Each structure stands twice: as C-alpha cells, then as structure tokens.
There are 2 protein chains.
Amino acid sequence: MASTAQDSSGRVISVANEDASNPDNTSAADKVAETIIRGIRAGTFVPGQHLVEPDLTRRLGISRGSLREALKHLAAAGIVTLNRFRGAYIATLDRKTVLDLLQTLEPLCRLAARLAAEKCDTPQKADALLAAAAAVEDASRQRNRAAYLEDRRHFYSVLVEIGQNHELGRVIPLPRTDLFRAQIETIQTERQRQTHASGYGKIARAVVDKDPAAADRAVQKHFAGTRKTVGELPENAFPALV
Amino acid sequence: MASTAQDSSGRVISVANEDASNPDNTSAADKVAETIIRGIRAGTFVPGQHLVEPDLTRRLGISRGSLREALKHLAAAGIVTLNRFRGAYIATLDRKTVLDLLQTLEPLCRLAARLAAEKCDTPQKADALLAAAAAVEDASRQRNRAAYLEDRRHFYSVLVEIGQNHELGRVIPLPRTDLFRAQIETIQTERQRQTHASGYGKIARAVVDKDPAAADRAVQKHFAGTRKTVGELPENAFPALV
DNA sequence: GTTCTAAAAGCGTCCGACGATTTCGTCTAG
DNA sequence: CTAGACGAAATCGTCGGACGCTTTTAGAAC
C-alpha cells in the first residue's frame with residue numbers, strides 16, 4: 001500500500017486533501033507534518049525512530065527545505081527531537097515526562113470541559129460531542145488503534161470548538177499526548193483501556209447536561225484514572241530516551 | 001564510557017519554550033526567531049507589521065531558507081501569522097483573543113505557582129524568584145518596557161523551573177503574551193501598570209512561603225486584575241486585524 | 001579483540017531558479 | 001472625474017544543487 005508516487009517529469013503529485021477550512025493553510029511542509037503525525041497514530045512511525053532527511057524526501061516526494069520546515073514545526077510541538085548534526089528522532093516520553101504532561105494537560109482539559117458545558121446551547125453541538133465520544137469508545141472496543149487515536153483527537157477538537165476559546169485549541173498539546181497514547185496503547189491492560197474509554201462518554205454527557213461543575217469533575221476523574229494507569233505500567237513501556 | 005558528570009551547578013534558568021537539553025542550540029533559524037521575539041519586546045517590531053523576506057534576509061544576514069524556518073517556528077508559536085502568498089505579519093490580538101489567552105494561561109500559571117510553592121526548598125530558588133519579581137517591579141517602575149517584558153518572561157521561567165514540570169514550560173504561551181503586553185504597554189494607565197507589577201511580588205512571596213494555596217490565589221488575583229485592565233482598555237488598543 | 005584512522009553518511013546553511021499569486025500602478029471607458 | 005480592466009512588479013512557495021562541518025561507520029594496524 002501507499003506506493004511512492006512517481007515523479008517521472010519532476011512534477012509535484014501532491015494534491016491538498018486535508019482540512020479545507022482555510023485556503024491559506026495548505027503548504028507542503030504542513031502536509032509532511034500531518035503525514036508524520038498520522039504515521040505516529042497509525043504506528044508506521046514509532047517513538048525513537050530516526051528520521052533521515054534524504055529518505056523522507058524521497059518517500060514523500062518533497063524537497064529537503066520543505067521537509068526541514070516540517071521537522072522544525074514538529075520539534076516546536078514536541079513531537080520530534082532535533083539533535084544538531086545527528087538528525088531528527090520521533091520523541092520518546094519517559095514516565096516523569098508523561099506525568100508532567102498529564103499534569104499540564106489536566107487543567108486545560110478541565111477548562112475546555114467547563115467552557116463547553118457553558119456554551120453547549122444547540123442540539124447540533126450536543127450531538128456532535130456525543131457522537132465523537134461514542135466513536136472513541138467504539139474504536140477502543142474494537143482495538144483499532146489508529147482510529148482510536150484519531151477519534152480521541154477529534155473528541156477534544158469538538159470539545160474545544162464548543163467552548164469557543166481558540167487559544168485553548170492552540171495550546172493544548174494534543175499531538176504530544178498522541179505520542180504518549182501510541183506508546184502505551186499496546187501495553188495497557190484491557191480493563192485500563194475500557195475504563196479510560198468510558199471516561200469520554202461521561203465527560204460528554206456532563207457537557208450536554210450543561211453542568212460545568214460535573215464536566216470538570218468528569219475530566220478530573222478521567223485524568224486520575226490515566227495517572228493511575230501510567231503508574232501501573234511496567235518500566236519497559238518507556239523506552240530509554242536517546 | 002565515562003559517565004557524564006551530572007551538572008549540579010545550580011545555574012540560573014534560561015528556558016522559555018525552547019528545547020533546553022542541547023548545549024549548542026545556536027542554529028541560524030533559532031537566532032532569527034529570538035531576534036524577532038526580542039524585537040517585539042523592544043518595540044522594533046510592532047503588531048501588524050509586514051515581515052518581508054528579502055528585507056529581513058538582508059538585515060539579519062541569513063539566507064531565505066533559514067529565515068523561512070524561523071518564520072515557520074514563530075507562526076507555530078502564534079507570534080506571526082503566515083498568509084499564503086501574502087507574507088508574514090506580526091500577529092495582532094483582538095480583545096476576545098486576549099481574554100481567551102488569559103483564560104487559557106491562568107490555570108497553567110496557577111499550576112506553575114502551586115508546583116513552585118511545593119518545590120521551593122532551597123534558598124537559592126527562593127532568592128532567584130524574589131530577585132526576578134523585584135526586577136519586574138523595578139523595570140515597570142522605570143517604565144523600561146523592553147526590560148520589563150524581558151524580566152517578566154524571566155520571572156515565569158524561574159517559576160516554572162522551580163516547579164520542575166518541563167511540560168509546563170513548553171506549553172505556556174509566553175511569547176504570545178509578550179505580544180499582548182507589547183500592545184497594551186503603551187496604553188494602560190499608571191495605576192494599572194503598578195497594580196499589575198505588584199502582583200509578581202505577591203506571587204513570589206507566597207511561593208517562597210511554601211504556601212501553594214496562597215500562591216494559587218495570588219495568581220488568580222493577578223489574572224483578575226489583568227482581565228479588568230483589558231476590559232477597561234479603549235478599543236483602539238486592539239488594532240483591526242489584517 | 002582493541003585502537004586508530006580514513007572514508008562515508010548525514011546535517012546546517014547558503015544560493016539561484018522557476019512557477020504561482022497577490023498587489024499596485026496605469027490605462028481606457030463611461 | 002471616477003470605476004473597472006489590464007499588465008507589470010513584488011513577493012511567496014518550492015525545488016535542486018552546492019559546500020563545510022560533525023557524526024558515524026568501516027577498515028587497517030597492532
């Protein structure tokens with residue numbers, strides 16, 4: 001699958017197929033960044049993997065300059081780490097980093113849930129959120145890892161969107177949590193997975209009930225569960241960082 | 001292999017939102033980004049200003065590729081906005097965006113203050129934080145805008161560093177708040193300025209008293225004051241965004 | 001097997017080029 | 001005199017190549 005497109009005459013084979021919200025957000029570098037993030041969710045890129053520039057330029061059919069722009073972007077988001085003269089690597093998160101990340105993410109998600117609960121004033125929004133939560137739980141039940149990570153991301157997007165605070169969407173480090181999720185997805189127990197997945201439905205229900213306090217508590221509990229899971233994970237879930 | 005000597009020299013912290021582990025972090029693009037951020041604090045770059053690539057490459061003495069890497073980086077941080085085929089502009093924040101930004105920043109800063117209050121266990125840390133707060137208040141009193149913005153940034157860096165949660169430092173959108181501060185610095189009243197500046201000392205004192213709850217409240221009050229100031233600002237403080 | 005050295009690979013930066021798009025000045029029509 | 005169309009200039013997005021520097025690797029010497 002995904003055979004490399006031929007560039008017989010040096011023509012670009014790239015056609016925009018991402019979010020068409022704004023016509024000014026479609027550059028080659030963004031496309032590459034999106035491809036890598038998607039690859040992490042799908043498992044084709046694993047934490048610690050070395051990203052070799054000449055290799056990627058060939059596989060993605062872009063120039064080195066655009067690729068380096070993308071890597072810079074990803075490094076700023078904490079998805080890859082750049083070592084001078086040694087290249088780019090998919091970032092690996094050790095246990096403390098994950099706990100720090102959760103600690104940082106929690107107040108942001110609580111805020112997002114509170115805002116969403118205050119602003120969830122149309123059936124469309126409520127339905128979208130409930131559907132997003134259901135999709136996450138579904139993907140988790142089916143152990144479809146790529147779909148789960150994708151749907152989970154979508155759930156948070158909808159949550160933030162309903163809250164109508166665009167700065168939140170900019171700040172919440174979702175791609176980095178994708179990295180963490182990708183690391184532990186294959187290791188956590190079935191019960192941990194189910195417990196975690198059920199949290200999204202609870203958050204969604206509290207939001208559509210327009211109960212900010214309950215939504216806040218639901219997120220808090222959700223994170224407490226995740227923290228517990230991280231504490232129970234064996235040490236080999238966290239690769240020795242380069 | 002000889003084990004690397006652990007660096008326990010207790011140096012002052014200089015991390016903002018960048019990767020700090022790399023010893024020689026001086027790439028041309030990073031240098032440019034730093035120059036632009038500093039220029040915003042100093043006032044040589046004003047919100048809304050058009051950044052023309054050929055002009056900047058000449059003035060900064062770097063190639064266009066490196067400049068574009070830097071602009072990409074800054075765009076990811078929300079400091080410049082990139083309009084396809086229309087160039088890069090220093091971002092402008094309208095009132096709602098500023099309020100959203102404050103709302104997002106507040107729980108992060110409260111967390112940072114709580115963590116710092118829990119972990120402020122050496123006189124060095126306490127002194128560094130108090131000194132940073134004093135510097136901010138000093139610069140504000142002297143109406144030295146560049147120094148004030150610089151010191152304010154340093155204060156938050158120290159606060160985050162004491163808390164020992166590196167993810168916080170990565171997530172807190174300080175450069176973007178610099179932008180906001182740069183916008184209102186010349187407009188707010190003297191009393192607003194003084195009230196705001198005094199907040200840093202209060203936060204610092206609560207932290208060195210190792211009282212997380214008090215530190216949390218101090219940050220909360222600080223943000224309430226800032227929010228009030230933003231509400232009182234005239235409409236012309238927020239340039240019509242391009 | 002260990003150590004040293006030289007080649008190879010890979011990264012950081014720069015330059016020049018071409019097509020695409022926007023912007024702005026100019027010119028014509030009403 | 002103003003409004004709209006046209007075209008040239010300016011600027012951006014992307015590409016390919018080039019050179020110097022650092023790290024890694026592979027082979028030779030011991």
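Please read all numbers here as calculations on a predicted model, not as lab measurements. All chains are named by letter (A, B, ...) in the order of the sequence lines, taking the proteins before the strands, and each is independently numbered beginning at 1.
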Taking the minimum atom-to-atom distance to the side chain of A/Arg86, which one of D/dT14, D/dT23, C/dT13 wins?
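Out of D/dT14, D/dT23, C/dT13, the nucleotide with an atom closest to A/Arg86's side chain is D/dT23.
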
Would you mind telling me which of D/dT14, C/dG19, C/dC14 lies closest to the side-chain atoms of B/Phe85?
C/dG19

Interatomic distance, [X] [atom1] vs [N] [atom2] [rounded to whole Å]:
X	N	atom1	atom2	answer
A/Glu53	D/dT23	CD	C1'	14 Å
B/Leu51	D/dG13	CG	P	12 Å
B/Lys72	D/dT14	NZ	C1'	12 Å
B/Arg58	C/dC14	CZ	P	15 Å
A/Asp55	C/dA8	CG	P	21 Å
B/Arg68	D/dT14	CZ	P	6 Å
A/Glu69	C/dG12	CD	C1'	15 Å

Using only modelled atom types and a 3.5 angstrom limit, is any donor from either the side chain of A/Arg64 or the base of C/dG12 paired with an acceptor on the other?
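A donor-acceptor contact between them is present.
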
Main-chain N/O of [Y] paired to [X] side chain as donor or acceptor, under 3.5 Å:
X	Y	answer
B/Arg176	B/Gly78	yes
A/Ser157	A/Arg153	yes
B/Gln49	B/Val46	yes

Looking across every strand, which nucleic acid part, if any, lies under 4.0 Å from [X] by heavy atom: base, sugar-phosphate, or nothing?
X	result
A/Leu71	nothing
A/Gly65	nothing
A/Leu67	nothing

Under-4.0 Å side-chain N/O to phosphate OP1/OP2 contact, [X] with [N]:
X	N	value
B/Arg84	D/dC12	no
B/Ser66	C/dC14	yes
B/His50	D/dA10	no

In terms of the angle between their ring planes, are A/Tyr200 and A/Tyr156 parallel, tilted or perpendicular, with boundaries placed at 30° and 60°?
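Ring orientation, 0 to 90° scale: perpendicular.
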
For a quick check under 3.5 Å, do B/His196 and B/Thr226 share a side-chain donor-acceptor pair by atom type?
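The answer is yes; a qualifying pair exists.
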
